[in-house]
There are 2 protein chains.
Amino acid sequence: MPIGTDVDALLASHDISSTQQRRQIARILFARPQHLSAEQVLEQVNAEGYRVSKATVYNTLGLFSRKGLIREVVIDPSKVFYDSNTSPHHHYYNVSTGTLSDIDATDVVLAQLPTIPEATELEGIDVIVRLRNRD
Amino acid sequence: MPIGTDVDALLASHDISSTQQRRQIARILFARPQHLSAEQVLEQVNAEGYRVSKATVYNTLGLFSRKGLIREVVIDPSKVFYDSNTSPHHHYYNVSTGTLSDIDATDVVLAQLPTIPEATELEGIDVIVRLRNRD
DNA sequence: TTAATTGCAAACATTTTGCAGGTTC
DNA sequence: GAACCTGCAAAATGTTTGCAATTAA
């Protein structure tokens, strides 16, 4: 099964031209649902024997995120995570372990939303539930 | 009116010993409701003619935040904002301008919360409403 | 006076940039 | 072949650290 085809279609559907490096990075991001930092993406690409430069990883993640292929999750200022799950959902963040995990959108119900200020429109709502390990 | 007295009481009530630099930084943070980055705090302190080193600003903001005097708000990966409003509330983040503003807690009602995973306890919930300027 | 705090400068980590060379359509 | 993309190394952030000097209680 030509995995490359899927990735190409995915990139094309988001108006991203296909290159070796982008395919490689996309393959890793979409291999399974996960939250990866730029550094982890770089590691995994290189672990598979391919080589993509650091700058390209950053550029590509930024591009994917602008194009809506992945979603940036900002939780810890020291690192941005990229989430290949772009469907509406929220996150648990375990502050003891630094682990990020998904919360299904249906498990969080916002009964009431604040008014949206003049001249702006809603881009999205992030709910982050911070947890601590009980000791 | 001896402003210093208020700040001293504030620090003391949070179990923080009072020093010139800490008073100076607290004065700025509590002058009005605002969201400042470490760099902005440093600028404002220096603008008032006092001098506090960069390291002390970072140390002090971290200390204040650990002691519950201020709250860390992580939204923009490039910098942490410190919010002198520690009462429960959420944030608007205007992605077009990078501006952060408060949403009163009563304007956001979480009707349903996800279950808290085994062996962990809730540390807090952040709701970030991302806005975009309408063009 | 004795422990805590500060300033400095250097170290770090992460991300961005400039530009020469390579790739894609 | 023209526009776009990539790699490298250097630069730009933002934050932390080690340690000697200063300040607080």
Side-chain angles (χ1 to χ4, degrees), chain A residues 4-5 7-12 14-28 35-46 48-67 69-70 72-82 98 100, chain B residues 4-5 7-28 35-46 49-67 69-70 72-82 98 100:
Chain A
T5 305
V7 173
D8 273 352
L10 185 64
L11 295 178
H14 286 261
D15 198 29
I16 297 167
S17 62
S18 178
T19 70
Q20 273 193 36
Q21 293 84 342
R22 290 173 183 178
R23 282 191 294 273
Q24 198 53 38
I25 291 170
R27 216 166 318 200
I28 281 163
H35 306 89
L36 297 176
S37 64
E39 209 187 354
Q40 292 172 320
V41 170
L42 184 58
E43 271 169 25
Q44 294 203 19
V45 171
N46 293 346
E48 295 196 358
Y50 298 81
R51 262 195 50 282
V52 177
S53 75
K54 199 197 290 190
T56 298
V57 169
Y58 279 101
N59 285 339
T60 302
L61 291 173
L63 176 70
F64 282 6
S65 158
R66 274 196 310 286
K67 294 289 190 178
L69 191 60
I70 59 178
E72 242 179 34
V73 186
V74 180
I75 288 184
D76 184 318
S78 72
K79 53 195 158 231
V80 181
F81 288 97
Y82 292 91
L100 197 61
Chain B
T5 305
V7 173
D8 274 351
L10 186 63
L11 295 179
S13 72
H14 285 262
D15 197 30
I16 297 167
S17 62
S18 178
T19 70
Q20 274 190 38
Q21 292 85 341
R22 289 173 184 178
R23 282 191 294 275
Q24 199 52 39
I25 291 169
R27 216 167 317 203
I28 281 164
H35 306 89
L36 297 175
S37 64
E39 207 186 354
Q40 291 172 321
V41 170
L42 184 58
E43 269 170 26
Q44 293 203 20
V45 171
N46 293 346
Y50 298 82
R51 262 196 48 281
V52 176
S53 75
K54 199 197 292 190
T56 298
V57 169
Y58 278 100
N59 285 339
T60 301
L61 291 173
L63 176 70
F64 283 6
S65 157
R66 275 195 311 283
K67 295 289 190 178
L69 190 61
I70 59 178
E72 246 180 32
V73 186
V74 179
I75 287 182
D76 184 321
S78 72
K79 54 193 156 234
V80 181
F81 288 94
Y82 293 91
L100 199 60

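Chain A is the first sequence line, chain B the second, and so forth, proteins listed ahead of strands; every chain is numbered from 1.
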- Query: Just how far, in rounded Å, is P of D:dC5 from CZ of A:Phe64?
  - Reply: 11 Å
- Query: Rounded to whole angstrom units, what separation is found between the CD1 atom of A:Ile25 and the P atom of D:dC5?
  - Reply: 13 Å
- Message: Distance check, rounded to the nearest 0.5 Å: A:Leu11 atom CG versus A:Ser18 atom OG?
- Response: 5.5 Å
- Item | Set of side-chain hydrogen bond (donor to acceptor under 3.5 Å, both in side chains) partners for A:Gln40, sequence neighbours left out | A:Ser37
- Task: Please give the angle, rounded to 10 degrees, between the axes at the start and the end of the helix from C:dT1-D:dA25 to C:dC25-D:dG1, where five pairs define each axis.
- Result: 40°
- Applying side chain to side chain contact (heavy atoms under 4.5 Å, CB included), name anything that partners B:Ser65, two or more places apart in sequence or on another chain. B:Ile70, B:Glu72, B:Tyr82
- Task: State which residues pass side-chain hydrogen bond (donor to acceptor under 3.5 Å, both in side chains) with A:Glu48; sequence neighbours excluded, sorted by chain then number.
- Result: A:Gln24
- If you look at every heavy atom in A:Leu61 and A:Ala38, which pair is closest and at what distance? CD1-CA, 3.6 Å
- Partners of B:Gln20 by side chain to side chain contact (heavy atoms under 4.5 Å, CB included), sequence neighbours excluded? B:Arg23
- Does A:Leu63 or A:Arg51 map to a spot on DNA chain D nearer the 5' end, using the closest nucleotide for each? A:Leu63
- Note on the structure: So CD1 of B:Ile25 and CZ of B:Arg22: to nearest 0.5 Å the spacing works out to 9.0 Å
- From CD of A:Gln24 across to P of D:dC5 the rounded distance in Å is 18 Å
- Taking only N and O in the side chain of B:Arg22, is any of them less than 4.0 Å away from OP1 or OP2 of C:dT5? yes
If you restrict it to nitrogen or oxygen atoms, what contacts under 3.5 Å exist between nucleotides 23-25 of chain D and the protein, and what is each distance?
{"from": "D:dA24", "atom 1": "O3'", "to": "B:Ser18", "atom 2": "O", "distance (Å)": "3.4"}

- Task: Compare the minimum distances between each of C:dT6, C:dG7, D:dC8 and the side chain of B:Val52, then state the nucleotide with the smallest one.
- Result: C:dG7
- Task: Round to a whole Å and report the spacing from CG of A:Asp8 to C1' of C:dC25.
- Result: 13 Å
Could you list all N or O pairs between the protein and nucleotides 15-18 of chain C that sit under 3.5 Å apart?
{"from": "C:dT15", "atom 1": "OP2", "to": "A:Tyr58", "atom 2": "OH", "distance (Å)": "2.4"}

- Query: Starting at CZ of B:Arg66 and ending at C1' of C:dT5, how long is that distance when rounded to a whole Å?
  - Reply: 13 Å
- side chain to side chain contact (heavy atoms under 4.5 Å, CB included) filter on A:Thr56, not counting sequence neighbours, yields A:Gln21, A:Val52, A:Ser53, A:Thr60
- Message: From OH of A:Tyr50 over to P of C:dT23, roughly how many Å is that when rounded to an integer?
- Response: 16 Å
- Which residues share a side chain to side chain contact (heavy atoms under 4.5 Å, CB included) with A:Leu100, sequence neighbours left out: A:His35, A:Val73, A:Ile75, A:Phe81, A:His91, A:Tyr93
- Message: Tell me every residue that passes salt bridge (charged side-chain N to carboxylate O under 4.0 Å, His left out) with A:Lys67, counting only those two or more places apart in sequence or in another chain.
- Response: A:Asp15
- Item | Between P of C:dT6 and CG of B:Leu61, the distance in whole Å | 12 Å
- Item | A:Leu42 CG - D:dG7 P separation (whole Å) | 10 Å
- Query: Are side-chain heavy atoms of A:Asn46 and A:Arg51 found at a separation under 4.5 Å?
  - Reply: yes
